[in-house]
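Report on one structure; see the data block that follows.
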Protein chains: 2
Amino acid sequence: MKLTTKSEYSLLALTYLARHQKRGYIRMEDIADQYGISKKYLEQIFISLKQARYITTKTGAGGGYKLTIPADQISLAEIIRLMDGALAPTVAASKYFFEHTPLEKEEKIMQVFKEIRDYISGKVEGMKISDLV
Amino acid sequence: MKLTTKSEYSLLALTYLARHQKRGYIRMEDIADQYGISKKYLEQIFISLKQARYITTKTGAGGGYKLTIPADQISLAEIIRLMDGALAPTVAASKYFFEHTPLEKEEKIMQVFKEIRDYISGKVEGMKISDLV
DNA sequence: ATATTGTCTATCAAAATTATAGACTAATCA
DNA sequence: TGATTAGTCTATAATTTTGATAGACAATAT
């Protein structure tokens, strides 16, 4: 029932970028140090975030990363879905990542998981990176 | 944010046992067939459920599995915790499976995840196998 | 030029997930 | 009693996911 570090680190990194926006470009190493995360691992996460257009980068001295989208327009939901997929406890109960599983045969269980899905969605759709700063 | 098949299959199997209680001992193969699950894989799941005293078994013809605990006294929460661990989206927000992670540095995120944890707990603690039948 | 910082591609180790195999044990019942 | 049925136990294996590491390269600033 868990998120992976990809989601976790993404949320941390984006929060850090939002918090230090006025400093302009932020070095990856600052973020890695701040949270005690592997720099090289974080790099790969940043590449995904960049491809998804959440951040832009600048190479060289004084370079680093910064947000391209206002922090109040980035929901936790979209970051978690990008990194980890379904918010629902099982894909059989997922809207965006639906797949068939044996669980579908049991309607009552499905109902429980859909309610959990809806609660989680509501929570993390409504919550923005700016709310975390 | 997902459960594994161990939790899913456990819930399915216990629901099936509860539903067919009056038939006495139920063969593993019946359950495997019903849901299209590997028999051998289900076997291992049953061993865990047996060790945790949810079911008893009987070998030989006419044998199989049955519940030892009334279905209305088995919550989904305990089965999921047994099979998959934490209900919380991250162990940093878990009561039973707490571990330190970098996420702890961000209180607002932690707050969100704790609220999700509490919702999920409330939901699956309150829901019993008998409610699924 | 040189130091700084990100990019890209490959690769890898460990763990978790999802099984499969097969010999063994216990119970039934004909 | 012996054939059949059904669970037990232990090992191992395939695949995927997770969480990283390595190193050559490219862009920028001073």
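Both backbone and side-chain heavy atoms feed into the values below; hydrogens, waters and symmetry mates do not.
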**Complete:** Per nearest nucleotide of DNA chain C, the residue lying toward the 5' end, A:Gly60 or A:Glu43, is A:Gly60
**Asked** Does B:Met83 or B:Leu42 map to a spot on DNA chain C nearer the 5' end, using the closest nucleotide for each?
**Response** B:Met83
**Item:** Distance-only donor-acceptor test, B:Gln44 side-chain atoms vs D:dC9 base atoms, 3.5 Å
**Value:** no
Under 3.5 Å: donor-acceptor pair, side chain of [X], backbone of [Y]:
X: B:Thr68; Y: B:Arg53; value: yes
X: B:Glu78; Y: B:Ser75; value: yes
X: B:Lys2; Y: A:Gly85; value: no
X: B:Asp33; Y: B:Asp30; value: no

Rounded off to whole Å, could you give me the [atom1]-to-[atom2] distance for the [X] and [N] pair?
X: A:Arg27; N: D:dA29; atom1: CZ; atom2: P; answer: 16 Å
X: A:Ile47; N: D:dA26; atom1: CD1; atom2: P; answer: 15 Å
X: A:Glu8; N: D:dA20; atom1: CD; atom2: P; answer: 11 Å
X: B:Tyr25; N: D:dT8; atom1: OH; atom2: P; answer: 11 Å
X: A:Lys39; N: D:dG23; atom1: NZ; atom2: P; answer: 14 Å

Does [N] have its OP1 or OP2 closer than 4.0 Å to a side-chain nitrogen or oxygen of [X]?
X: A:Lys58; N: D:dA29; value: yes
X: B:Lys50; N: D:dT8; value: yes
X: B:Thr57; N: D:dT8; value: yes

**Item:** Start and end of chain A contact along DNA chain C [non-hydrogen atoms, under 4.0 Å]
**Value:**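 Listed 5' to 3', the contact boundaries are C:dT4 to C:dA10.
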**Item:** Heavy-atom side-chain contact between B:Leu132 and B:Leu14 under 4.5 Å
**Value:**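 They are not in side-chain contact.
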**Message:** Checking A:Tyr41 against A:Thr5: is there a side-chain donor and acceptor pair closer than 3.5 Å?
**Reply:**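 Side chains of A:Thr5 and A:Tyr41: pair found under 3.5 Å.
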**Prompt:** Between A:Lys40 and A:Ala61, which is nearer to the 5' end of DNA chain D once each is assigned its nearest nucleotide?
**Reply:**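 In this pair, the answer is A:Lys40.
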**Asked** Of A:Lys6 and B:Gly62, whose nearest nucleotide on DNA chain D comes first from the 5' end?
**Response**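 Its nucleotide being nearer the 5' end, the pick is B:Gly62.
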**Request:** Have a look at A:Tyr65 and say if it touches a base, only the backbone sugar-phosphate, or nothing, with a 4.0 Å heavy-atom cut-off.
**Result:**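 Counting heavy atoms under 4.0 Å across all strands, the contact made by A:Tyr65 is with sugar-phosphate only.
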**Complete:** Ranking D:dT21, D:dC9, D:dA11 by distance to the side chain of A:Tyr41, first place goes to D:dT21
**Message:** If the threshold is 4.0 Å, N to carboxylate O, is there a salt bridge linking A:Arg81 and A:Glu125?
**Reply:** yes
